[in-house]
**Q** 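My questions all concern the structure below.
What you see is a predicted model; the values in this text were computed from it and never measured.
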Amino acid sequence: MSNMREIDGTKYYSFNGFTIRGIEQEGEIWLSMRDICSAADIGSYTYFYSKFNESEKRVLLMHSSSGYQRSRAISLKALQQKLKYSCQKKVPAFMAWINETFEGSCEKSNDLSTLRPNGRPPKSNLNQPTTQPSQPVDISNNDINDLTVVILQAIMRKCELIIGQLQQA
């Protein structure tokens with residue numbers, strides 16, 4: 001991992017002039033929510049923190065310039081999942097930094113080389129002919145339910161972003 005120093009168990013990472021504190025606990029990396037929100041220009045860290053479930057967030061004792069303090073922390077893996085489709089301008093660069101800095105700890109399914117500037121995957125070209133004829137797909141009710149949940153979660157994320165932007169204005 002590059003650009004990292006450690007003081008009394010707290011690791012200090014650097015992203016575009018911002019310091020992000022982290023702790024490794026039980027084989028997982030936990031990053032300071034306040035530091036993440038400042039670095040990625042996310043906005044209200046308390047609002048963003050509330051969007052994670054209990055297993056994805058913790059309050060940890062982290063070293064700071066004024067000694068030790070209790071800090072809200074987020075699991076690196078959960079953070080990566082939440083930021084995957086964020087519309088914030090700094091998030092794609094932040095995600096690239098996460099993948100570079102924590103290369104062994106992050107999921108590799110998020111190939112940042114194919115992301116558009118807004119951090120979303122590229123739109124597929126529906127007019128492009130396929131190389132193979134389409135095969136019928138057997139879809140069960142469970143598959144439809146799973147797809148419905150994914151679609152509803154995407155709609156909820158977009159609504160949360162809009163509400164967050166309206167609250168900041």
**Q** Indicate the atoms forming the closest heavy-atom contact of I20 with A39, along with that distance.
**A**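 Here I20 and A39 meet closest at CD1-CB, 3.8 Å.
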**Q** Validate the cation-pi geometry between K82 and F52: distance from NZ or CZ to the six-membered ring centre under 6.0 Å, angle to the ring axis within 45°.
**A**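 Geometry flag: set, cation within 6.0 Å and 45°.
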**Q** Looking at every non-hydrogen atom in both residues, tell me the closest pair between S64 and R21 and how far apart they are.
**A**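 In this case the closest contact between S64 and R21 is CB-NH1, 4.0 Å.
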**Q** Nearest 0.5 angstrom please: W30 CH2 to S71 OG, how far?
**A**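 Here the rounded value is 13.5 Å.
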**Q** What's the separation between atom CG in N99 and atom CE in M95, rounded to the nearest 0.5 Å?
**A**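 The distance works out to 6.0 Å.
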**Q** When you look at F102 and I29, which way does the side chain to side chain contact (heavy atoms under 4.5 Å, CB included) test go after all the steps?
**A** CA-CA 9 Å; F102 303 100; I29 297 172; 3.5 Å; yes
**Q** Looking at Y13 versus F18, is the centre-to-centre ring distance below 6.0 Å?
**A**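 Between Y13 and F18, the centre distance exceeds or equals 6.0 Å.
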**Q** Ring of Y49, cation from R72 - is the NZ or CZ under 6.0 Å from the centre and inside 45° of the axis?
**A**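 Because its charged atom sits under 6.0 Å from the ring centre and within 45° of the axis, R72 does stack over Y49.
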**Q** Rounded to the nearest 0.5 Å, what separation is found between the CD atom of E56 and the CD1 atom of I74?
**A**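 That separation rounds to 7.5 Å.
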**Q** How close do Q69 and S66 get, heavy atom to heavy atom, and via which atoms?
**A**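 Minimum heavy-atom separation between Q69 and S66: OE1-OG, 4.3 Å.
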**Q** Within this structure, what is the OG1-OH distance for the pair T10 and Y12, rounded to the nearest 0.5 Å?
**A**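 Output value for this atom pair is 5.5 Å.
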**Q** Does either side chain, that of S75 or that of E28, offer a donor lying less than 3.5 Å from an acceptor on the other one?
**A**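 Yes, E28 and S75 have a side-chain donor paired with an acceptor closer than 3.5 Å.
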**Q** Do L60 and F48 belong to the same hydrophobic cluster, where Ile, Leu, Val, Met, Phe, Trp and Tyr are linked whenever their side-chain heavy atoms lie under 4.5 Å apart, directly or via other members?
**A**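 No.
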**Q** So how far is it from C37 SG to L31 CG, rounded to the nearest 0.5 Å?
**A**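 Separation between the atoms: 11.5 Å.
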**Q** Can you see which heavy atom on G43 is nearest to which on Q168, and at what distance?
**A**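 That closest heavy-atom pairing would be CA-NE2, 3.2 Å.
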**Q** Are Y47 and M33 linked, directly or through intermediate hydrophobic residues, by side-chain heavy-atom contacts shorter than 4.5 Å (ILVMFWY only)?
**A**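 No, because M33 and Y47 fall into different hydrophobic clusters, even though each may have its own neighbours under 4.5 Å.
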**Q** Please verify the inter-ring angle class for F15 with W97; under 30° counts as parallel, over 60° as perpendicular, anything in between as tilted.
**A**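 Answer is tilted, since the angle falls between 30° and 60°.
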**Q** With the side chain counted from C-beta on, respond yes when D41 and V91 share a heavy-atom pair under 4.5 Å apart, and no when they do not.
**A**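 In short, these two side chains do not touch, never coming nearer than 4.5 Å.
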**Q** Let me confirm one number: the CG-NZ distance from L79 to K57, rounded to the nearest 0.5 Å.
**A**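 Rounded to the nearest 0.5 Å, the CG-NZ separation comes to 13.5 Å.
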**Q** Look at atom CZ of R34 and say whether more than 12 heavy atoms of other residues, nucleotides or ligands are closer to it than 6.0 Å.
**A**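 No.
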**Q** Return the minimal non-hydrogen interatomic distance between I23 and L61, and the atom names on each side.
**A**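 So the two residues come closest at CD1-O, 3.2 Å.
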